[in-house]
Amino acid sequence: MKIKKKKNNKAYGEVSASGHDIPMSAHKVRRVIDQIRGRSYKEALMILQFMPYRACYPILKLIYSAAANASHNKAYNKADLIITKVEVNKGTTIKKLKPRAQGRSCMIKRSTCHITVRLNIQKNMENLYIHKRKMSEKNI
């Protein structure tokens, strides 16, 4: 029996928060997430508070949670954080039966999704960019 180890694909200094089985379609959540990817923490909060979509609330909670992780675990300042990676994956489908006429039943499928938010300090991102550029110059 093989045991697979989970790879840690986080960049240095990155903090994350994830929400599982959120009762919403992944397609509808992606519509909102595309608007905040790569933005600063404060800017993303402002955008989410004024967007009229139902998917904004769970994303807002996850960003708050990731920022709290950053300030508590790594002592980062919330004003310096930017959203480096946000991803949505399809979750399990909840199946229910709805009673219909003449003793029949109809299947109702409710889709769920998993959302992962990763934040990093802006200074670390600049250092990462400079490091990658130096490495590419060495290879050329």
Side-chain angles (χ1 to χ4, degrees):
M1 184 173 160
K2 276 189 174 181
I3 298 173
K4 291 183 179 180
K5 290 187 178 179
K6 193 174 182 181
K7 291 182 181 179
N8 190 1
N9 293 333
K10 285 187 187 177
Y12 175 73
E14 212 170 41
V15 291
S16 66
S18 61
H20 293 278
D21 293 326
I22 296 169
M24 210 168 296
S25 168
H27 180 72
K28 292 176 183 175
V29 176
R30 273 190 205 105
R31 177 175 58 184
V32 175
I33 278 182
D34 290 338
Q35 302 296 319
I36 62 164
R37 191 175 281 124
R39 306 229 185 203
S40 68
Y41 170 71
K42 287 186 176 182
E43 194 177 353
L45 292 183
M46 262 196 324
I47 289 170
L48 288 173
Q49 285 174 350
F50 295 110
M51 283 180 88
Y53 301 116
R54 197 183 80 161
C56 293
Y57 183 68
I59 297 169
L60 192 70
K61 283 178 68 173
L62 281 172
I63 291 175
Y64 274 136
S65 176
N69 291 343
S71 65
H72 184 265
N73 297 342
K74 303 216 176 190
Y76 289 163
N77 187 6
K78 288 183 181 179
D80 297 335
L81 295 172
I82 60 168
I83 299 171
T84 55
K85 188 174 184 180
V86 185
E87 60 182 21
V88 183
N89 296 318
K90 187 179 175 193
T92 57
T93 303
I94 300 169
K95 296 173 183 169
K96 299 178 184 178
L97 290 176
K98 184 174 183 178
R100 305 304 274 175
Q102 298 179 358
R104 297 186 184 121
S105 63
C106 185
M107 182 75 74
I108 295 175
K109 295 180 183 177
R110 292 282 316 259
S111 58
T112 61
C113 63
H114 308 308
I115 305 172
T116 305
V117 177
R118 290 190 183 166
L119 303 176
N120 205 343
I121 284 191
Q122 201 160 4
K123 294 172 190 171
N124 282 356
M125 292 303 293
E126 290 169 5
N127 292 341
L128 260 166
Y129 177 72
I130 292 167
H131 178 71
K132 284 183 181 178
R133 200 171 70 200
K134 285 180 183 178
M135 292 301 286
S136 64
E137 288 173 2
K138 285 182 183 178
N139 293 339
I140 293 175

*Examine distances only and state if a side-chain atom of Thr112 and a backbone atom of Thr92 form a donor-acceptor pair shorter than 3.5 Å.*
yes
*Leu45 side, atom CG; Phe50 side, atom CZ - distance, nearest 0.5 Å*: 11.0 Å
_Full working for side chain to side chain contact (heavy atoms under 4.5 Å, CB included) between Ile36 and Ile63_ = CA-CA 11 Å; Ile36 62 164; Ile63 291 175; 3.6 Å; yes
_Tyr57-Ile33 co-clustered via ILVMFWY side chain contacts under 4.5 Å_ = no
_Checking the side chain of His114 only, and the main-chain atoms of Asp21 only, is there a donor and an acceptor separated by less than 3.5 Å?_
yes
*Quick one: closest heavy-atom pair of Val29 and Cys113, and the distance?*
CG2-SG, 3.8 Å
*asked:* Testing the basics here: between Arg110 and Pro23, what is the closest heavy-atom pair and its distance to 0.1 Å?
replied: NH2-O, 3.8 Å
*Hey, does the side chain of Arg39 reach the backbone of Ile83 with a donor-acceptor pair shorter than 3.5 angstrom?*
no
_Spacing of Lys96 atom NZ and Met107 atom CE [to the nearest 0.5 Å]_ = 12.5 Å
*What's the shortest heavy-atom distance between Ser16 and Ala66, and which atoms?*
C-CB, 4.3 Å
_Shared hydrophobic cluster, Ile47 / Tyr53 (ILVMFWY, side-chain heavy atoms < 4.5 Å)_ = yes
*Of the non-hydrogen atoms in Gly13 and Asn120, which two are nearest, and what is the gap between them?*
O-OD1, 3.4 Å
*Between Arg31 and Asp34, is there a side-chain N and carboxylate O pair less than 4.0 Å apart?*
no
*Short question: side chain of Arg118, backbone of Glu14 - any donor-acceptor pair under 3.5 Å?*
no
*Lys74 pairs by side-chain contact (heavy atoms from CB on, under 4.5 Å) with which of Leu119, Asn69, Val15, Ile121?*
Val15
*When rounded to the nearest 0.5 angstrom, what distance separates CZ in Arg54 from OG in Ser25?*
9.5 Å
*From Ser105 OG over to Lys98 NZ, what is the distance, rounded to the nearest 0.5 angstrom?*
12.0 Å
*Roughly how far, to the nearest 0.5 Å, is the CZ atom of Arg30 from the CD atom of Glu87?*
10.0 Å
*asked:* Could you measure the distance from the OG atom of Ser111 to the NZ atom of Lys28? Nearest 0.5 Å is fine.
replied: 7.0 Å
*For the residue pair Ser71 and Lys78, what are the closest heavy atoms and their distance?*
OG-CE, 3.8 Å
*asked:* Restricting to non-hydrogen atoms, name the atom on Thr93 and the atom on Lys109 that form the minimum distance, rounded to 0.1 Å.
replied: CG2-CB, 3.8 Å
